[in-house]
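Let me begin by presenting the structure, written as structure tokens, before commenting on it.
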Amino acid sequence: MSEAGTKNKPTWMLVVGYINALIALLLVPILFGGLGILFGYLYKKHDPKQGKTLMIVAGAAIVIGALIGGFTYMLDQ
């Protein structure tokens, strides 16, 4: 049951987007970070501020995940 005046937002998109951004820090940053950006873009229709925030976080996760992967590769050499 929803209260009067509340919007029906698909919060699962927001949660899945942030989970993908976290996974992008350790595994395949381009794939999981890209999915996070996609979910942020889709969620932007319902809440522009949170959608943009998710896209920024996922983009940062791509960069940080790639740096972590590069450093760990250099340490193995």
Side-chain angles (χ1 to χ4, degrees):
M1 306 233 189
S2 63
E3 296 177 13
T6 60
K7 295 180 182 178
N8 189 11
K9 296 181 185 178
T11 55
W12 66 269
M13 277 197 265
L14 196 62
V15 172
V16 171
Y18 279 114
I19 290 172
N20 280 318
L22 285 174
I23 293 172
L25 292 173
L26 300 174
L27 298 172
V28 196
I30 296 293
L31 174 66
F32 289 106
L35 285 172
I37 291 172
L38 175 67
F39 281 114
Y41 178 77
L42 294 175
Y43 193 77
K44 196 169 75 166
K45 295 177 193 173
H46 304 284
D47 188 350
K49 186 176 179 182
Q50 284 188 341
K52 287 180 185 179
T53 302
L54 176 55
M55 290 190 294
I56 291 169
V57 168
I62 290 173
V63 172
I64 294 169
L67 289 173
I68 290 171
F71 286 135
T72 56
Y73 179 76
M74 284 177 26
L75 291 175
D76 282 345
Q77 296 300 318

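FYI, the numbering just counts along the sequence from 1.
- If you take OH on Y73 and CG on D76, they are separated by 9.0 Å, rounding to the nearest 0.5 Å.
- Side-chain contacts under 4.5 Å among hydrophobic residues (ILVMFWY), followed directly or transitively, place M74 together with V63, L67, F71.
- Across every non-hydrogen atom of L54 and F39, the tightest pair is CD2-C, 4.0 Å.
- The cluster map of Ile, Leu, Val, Met, Phe, Trp and Tyr, joined by side-chain heavy atoms under 4.5 Å apart, puts L38 and I56 in different clusters.
- Note that the CG atom of L31 and the CD1 atom of I62 stand 9.5 Å from one another [nearest 0.5 Å].
- Closest approach of A61 to P29, counting heavy atoms only: O-CB, 4.4 Å.
- If you take CG on L42 and CD1 on I37, they are separated by 12.0 Å, rounding to the nearest 0.5 Å.
- The side chain to side chain contact (heavy atoms under 4.5 Å, CB included) search around L26 returns none, not counting sequence neighbours.
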Donor-acceptor pairs under 3.5 Å, side chain of residues 12-25 to any protein atom, not counting sequence neighbours: which ones?
residue: N20; atom: ND2; partner: V16; partner atom: O; Å: 3.2

